[in-house]
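Because only heavy atoms are used, hydrogens play no part in the values below, and waters and symmetry mates are left out as well, while side chains stay in. Counting starts at 1 for both ligands and their atoms, in listed order. The chain is numbered in sequence order, starting from 1.
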Amino acid sequence: MTEPRPFAFADAFGPEKVIEITDPRSFLRAALVVDNTAAGPAIGGCRMARDVSVAECARLARAMTLKNAAAGLPHGGAKSVIFADPRQPRPDKERLIRAFARAIAQIEDYVPGPDMGTDETAMAWIRDETGRAVGLPATLGGIPLDEIGATGRGLAAAARAASEATGMPIEGARVAIQGYGAVGRWAARFLRDMGAVIVAVSDSRACVSDAGGLDIEKLEAVKAHGQALGEAEAARIAPRDTIFGTECEILIPAARPDAINRDNVDRVRARLVLEGANIPATAAAEAALHDRGVIVVPDFIANAGGVICAAMERAGRSRSEAEARIEEMVHANTYTVLDRARAHATTPRAAARALAEERVREAMSYRR
Ligand code: NAD
């Protein structure tokens with residue numbers, strides 16, 4: 001096996017620290033990458049999975065630096081990974097997470113948050129050991145981001161900003177949403193309340209559609225009973241990936257990475273794509289959409305509701321203050337990014353990345 005080159009991940013922004021942690025007594029194997037803390041303490045998820053790597057951790061930590069900066073938050077980026085099965089018995093999981101927390105207790109510029117394989121209870125254990133974490137239970141001052149629809153609220157704000165930037169009205173706009181979970185369901189509800197018509201939604205099994213508009217309350221009831229969307233009353237039930245060919249003005253991929261790719265990009269009919277999931281389109285698909293005049297608001301601008309919520313929780317703010325800030329910031333950032341993309345004849349993603357890098361560089365310029 002070839003050894004990774006020393007400082008393999010280093011560039012002008014970071015990472016500041018790459019730490020591998022082992023503790024034979026608790027069978028802990030973990031890694032922490034603190035990418036950049038110029039803007040403030042780094043917030044980033046703690047992921048528990050068997051198949052992660054330090055390289056992936058570094059890539060996700062950089063994504064958090066850019067996401068927090070793009071959202072205009074006084075936080076840097078980091079990520080941690082615990083190499084373990086997240087579905088192990090709870091006492092074993094607690095032991096492992098507590099051991100991880102004690103191992104990173106001294107890295108005070110890292111504030112862990114929930115990610116794949118960890119939840120608010122895990123964050124409560126980490127805070128108990130270290131005094132810090134976000135994504136906490138409400139009794140510990142947490143703001144439950146999925147319950148308040150933080151990311152869906154942000155997506156609706158992004159739609160409003162894109163409407164103002166392009167002149168495409170939201171009232172009457174047809175919306176298709178891939179993924180009907182915490183993100184997709186709230187996006188549907190907020191957009192419907194703004195006058196848009198939700199014409200199609202999909203989950204891991206099926207796509208349901210109705211050109212006259214789906215009844216969101218009925219879909220909610222189906223999901224609340226743990227049923228699949230295909231069991232809902234709808235005009236049409238089709239294989240899940242037909243969602244991408246829906247005649248609509250707004251398409252929201254809110255399920256999986258690389259969902260829009262070379263196999264289906266030509267079928268996309270929307271004028272506006274709001275990226276609810278992380279990296280839901282391949283780079284080539286995004287480029288193809290841009291070439292066709294489709295506006296794509298990139299993930300780290302459109303789905304920033306969650307990180308804004310975490311920052312507000314960390315600052316001790318209330319749920320209503322967090323909601324107001326999500327709307328204000330995602331709206332402002334989407335508008336700025338679309339405006340800059342037009343002015344510089346570039347993609348919204350390139351404009352967003354430049355904006356984020358500019359903010360990180362400025363924060364770095366104030367350091368000793
Ligand atoms: P979730 O688990 O609550 O919901 C996911 C939904 O996607 C489910 O309805 C599932 O059935 C559906 N799904 C899975 N595979 C699918 C497929 N191939 N086609 C169609 N639907 C499919 O997850 P979530 O919290 O809504 O997150 C969705 C995505 O957004 C994830 O990639 C997540 O990383 C990202 N994200 C979430 C947040 C947040 O606040 N929860 C913030 C930013 C980004």
Query raised in the report: Which residues, ordered by chain and number, are linked to Leu140 in its hydrophobic cluster, where ILVMFWY side chains connect at heavy-atom gaps below 4.5 Å, directly or through other members?
Result: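 Members besides Leu140, by chain and number: Ile19, Ile21, Leu28, Leu32, Val34, Met48, Ile82, Leu96, Ile97, Phe100, Ile104, Ile107, Tyr110, Met123, Trp125, Ile126, Leu136.
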Query raised in the report: Do you know which of Ile243, Ile177, Leu229 makes side-chain contact (heavy atoms from CB on, under 4.5 Å) with Asp203?
Result: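 With Asp203 as partner, Ile243, Ile177, Leu229 yield a single side-chain contact (heavy atoms from CB on, under 4.5 Å), made by Leu229.
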**Report entry** Within residues 139-187 or reaching into it, pairs that qualify as ring pair (Phe, Tyr, Trp, His ring centres under 6.0 Å) - sequence neighbours excluded
**Finding:** Trp186-Phe190
Requested in this report: Write out all pairs satisfying side chain to side chain donor-acceptor pair (under 3.5 Å) with one or both partners inside residues 156-171, taking only residues at least two apart or from two chains.
Outcome: Glu164-His331
Requested in this report: Say whether Ser318 and Glu321, considering side chains only, have a donor N or O and an acceptor N or O under 3.5 Å apart.
Outcome: yes
Query raised in the report: Are Arg267 and Phe244 in a cation-pi contact, defined as NZ or CZ under 6.0 Å from the six-membered ring centre and within 45° of the axis?
Result: no
**Report entry** Per-ligand residue contacts, ligand 1, heavy-atom threshold under 4.0 Å
**Finding:** Leu145, Asp146, Thr151, Gln178, Gly179, Tyr180, Gly181, Ala182, Val183, Ser202, Asp203, Ser204, Arg240, Ala254, Ala255, Arg256, Gly276, Ala277, Asn278, Asn303
